[in-house]
S.K.: 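I'd like to ask some things about the structure below.
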Number of protein chains: 2
Amino acid sequence: MRSNSVQTGSNPTFTESARRTQIMQCAIEVLAESGYSGASLAEIARRAGISKSVVLYYFSGKDDLLSSVVFDVYGRAGQAIAEALSHETSPGEKIAAYVRTNLHFLEEHSAEIRAVVEIVSNARGADGTHSFVPQGEDPVLAHLEKLLREGQRSGDFRNFDAHYLAIIIRSAIDTASGRLVVDPSFDLAAYTRELLSVVELATGTHRTEDSS
Amino acid sequence: MRSNSVQTGSNPTFTESARRTQIMQCAIEVLAESGYSGASLAEIARRAGISKSVVLYYFSGKDDLLSSVVFDVYGRAGQAIAEALSHETSPGEKIAAYVRTNLHFLEEHSAEIRAVVEIVSNARGADGTHSFVPQGEDPVLAHLEKLLREGQRSGDFRNFDAHYLAIIIRSAIDTASGRLVVDPSFDLAAYTRELLSVVELATGTHRTEDSS
DNA sequence: ACACTGTTTGACCGCATGGTCTAATCGTAG
DNA sequence: CTACGATTAGACCATGCGGTCAAACAGTGT
């Protein structure tokens, strides 16, 4: 009889999927407002107006809940970005769309992103190592890096180190979620404008010949 | 008789200052390796080979220990940066020295910086708000912003939004500590080179006239 | 020998955590 | 009505946390 805890059966009940999304949503709110250490099962349950046991009925444990949140948000963000990039053709436009879409998603889903950041940067396994920070290749970074390299191969971009420029651009994107939550005067539109112009200058879009 | 807990008397004993720095050093190591939630008083004491009570004898509580670490590292970093900037004159050189010194300090004190980041981004008061993230004006950001504005006033820099460019540059600096600890192939020298060239392009150093 | 201060220990406390378990509830099919 | 699976609440547990406390130890001046 392993029919006790639900663990994502093939045909989820209406109650099941509703509860799962509700619990995940509450977890996101608590994580965004109170941080990782404030996001206890009891607090999440209290927020949802349910008993702590219900959370553990639909998720096999806290790890399961948190990784579900990460994968859910992560997936939706990736989808939005992929969709936006498919409309662009030139490397310069692709990079610009990448930055714009990332920050736009952030604007509409700041709590989700904040929650994911909180989880990714704090969740650790029993051995003490990060649970979500990729060990070797970071696919997110690799994707951006690929876009940069394509622009270099086509001659649209100047000769920079694609790997490290990708890290710089990602850091500028990732820092925005923290600003949004802590600084009410933070103007995401202005930030997007500034970052876009920095990226354009850094990639050297429209430049083909070497001046020196 | 308030002579019980030490609380930084005017003339600290040899043992006292030695113990305080030892405990702070161990706290830094634990924070850098095991993260904020792994840095319990018991673990820090175990690492130092002393009893948990000793930690609480020299520090009035965990908050006191952590803020001591923050102020200590913060102060030494600020001093190193101020010293380096005093040697430069032109805005472009100052910004470059700022970036270079920040990343250089990071290279030699990666555990300290990692520990401070861990504390600053996780420590929260009883009300749930961050304890160390400045509410209104961030002095670190304001300093960099001032350097950028000076370059604009002197005509060395182009017309960017100093506030948001400062945030972008800081984010590129702050992200490096995380990379250093998680990615062994991260080449700080190459990263510094790339960031310096990005900053140079973004500020538009050596540019005086508007082309359009 | 004594007292005094600085230092250290280990037992202990109250509390919050993630998680388990049992029993009750609800809706529906027979 | 009954039976059954899905769902929920609440009592409970072991563990680890930050912090307190009384007692012991070490050195030093008298």
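Given the structure is predicted, the values throughout are model-derived calculations rather than measurements.
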S.K.: Could you work out which one of dT7(D), dT8(C), dG19(C) sits closest to the side chain of K62(A)?
M.R.: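 Closest nucleotide among those given: dG19(C).
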
S.K.: For S40(B) and dC17(D), is the shortest distance between a side-chain N/O and OP1 or OP2 below 4.0 Å?
M.R.: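 It does, given that an N or O in the side chain of S40(B) lies less than 4.0 Å from OP1 or OP2 of dC17(D).
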
S.K.: Could you check how far CZ of F59(B) sits from C1' of dT7(C), rounded to whole Å?
M.R.: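 Nearest whole value for this atom pair: 15 Å.
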
S.K.: With a cut-off of less than 4.0 Å, is there a side-chain N or O of R19(A) near OP1 or OP2 of dA6(D)?
M.R.: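 Negative; the distance criterion is not met.
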
S.K.: Between dG19(C), dG18(D), dG10(D), which one does the side chain of K52(B) approach most closely?
M.R.: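 Shortest atom-to-atom distance from the side chain points to dG18(D).
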
S.K.: When you get a sec, tell me which of dT7(C), dA6(D), dT8(C) is the closest nucleotide to the side chain of T13(B)?
M.R.: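 Output: dT7(C).
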
S.K.: Ignoring hydrogens and angles, tell me if any N or O in the side chain of R20(B) forms a donor-acceptor pair with the backbone of Y58(B) under 3.5 Å.
M.R.: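 Yes; at least one donor-acceptor contact below 3.5 Å.
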
S.K.: Round to the nearest Å and state the distance from Y58(A) atom OH to dA9(D) atom C1'.
M.R.: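 After rounding, the reported distance stands at 13 Å.
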
S.K.: Could you state the atom-to-atom distance from CG of N122(A) to C1' of dG18(C) in whole Å?
M.R.: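 My rounded result for the distance is 17 Å.
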
S.K.: Can you say whether a donor on the side chain of S53(B) sits under 3.5 Å from an acceptor on the base of dG19(D), or the other way round?
M.R.: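 Side chain to base: no pair below 3.5 Å.
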
S.K.: Roughly how many Å is it from CG in L65(A) to C1' in dT17(C), rounded to a whole number?
M.R.: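 Taking CG of L65(A) and C1' of dT17(C), I get 15 Å after rounding.
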
S.K.: If we ignore hydrogens and angles and just use 3.5 Å, is the side chain of Q152(A) paired with the main-chain N or O of F160(A) as donor and acceptor?
M.R.: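 Here the side-chain-to-backbone pair exists.
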
S.K.: Of the options dG19(D), dG19(C), dG10(C), whose atoms approach the side-chain atoms of L41(B) most closely?
M.R.: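 Of the candidates, dG19(D) comes closest.
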
S.K.: How close or far is atom P of dG19(D) from atom CD1 of I44(B), stated in whole angstroms?
M.R.: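 So the CD1-P distance, I44(B) to dG19(D), works out to 11 Å.
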
S.K.: Any idea which of dT8(C), dT20(D), dG10(D) is nearest the L56(B) side chain?
M.R.: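 Of the options given, the side chain of L56(B) lies nearest dT20(D).
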
S.K.: Closest to the V54(B) side chain: dG10(D), dT9(C), dT17(C)?
M.R.: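 It is dT9(C).
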
S.K.: Figure out the CD/C1' separation between Q22(A) and dT7(D), and round it to whole Å.
M.R.: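 One finds 13 Å between C1' of dT7(D) and CD of Q22(A), rounded.
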
S.K.: Do any N or O atoms from the side chain of T175(A) and from the backbone of S171(A) form a donor-acceptor pair under 3.5 angstrom?
M.R.: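 A pair under 3.5 Å: no.
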
S.K.: Rounded to whole Å, how long is the line connecting atom CD1 of I23(A) with atom P of dA9(D)?
M.R.: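 Distance check: I23(A) CD1 to dA9(D) P gives 10 Å.
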
S.K.: Taking side chain to side chain contact (heavy atoms under 4.5 Å, CB included) as the criterion, tell me which of D161(B), I169(B), I167(B) meets it with L165(B).
M.R.: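 That would be I169(B).
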
S.K.: Looking at V117(A), is its backbone amide N or carbonyl O close enough to the side chain of S121(A) to form a donor-acceptor pair, meaning the two atoms are under 3.5 Å apart?
M.R.: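 Confirmed, S121(A) side chain pairs with V117(A) backbone.
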
S.K.: Please report, rounded to the nearest Å, how far the C1' atom of dT9(C) is from the CZ atom of R46(B).
M.R.: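 From R46(B) CZ to dT9(C) C1': 18 Å.
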
S.K.: I want to check one thing: is the phosphate of dT7(D), taken as OP1 and OP2, less than 4.0 Å away from some side-chain N or O of Y57(A)?
M.R.: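 Answer yes for this pair, as a side-chain N or O of Y57(A) is under 4.0 Å from OP1 or OP2.
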
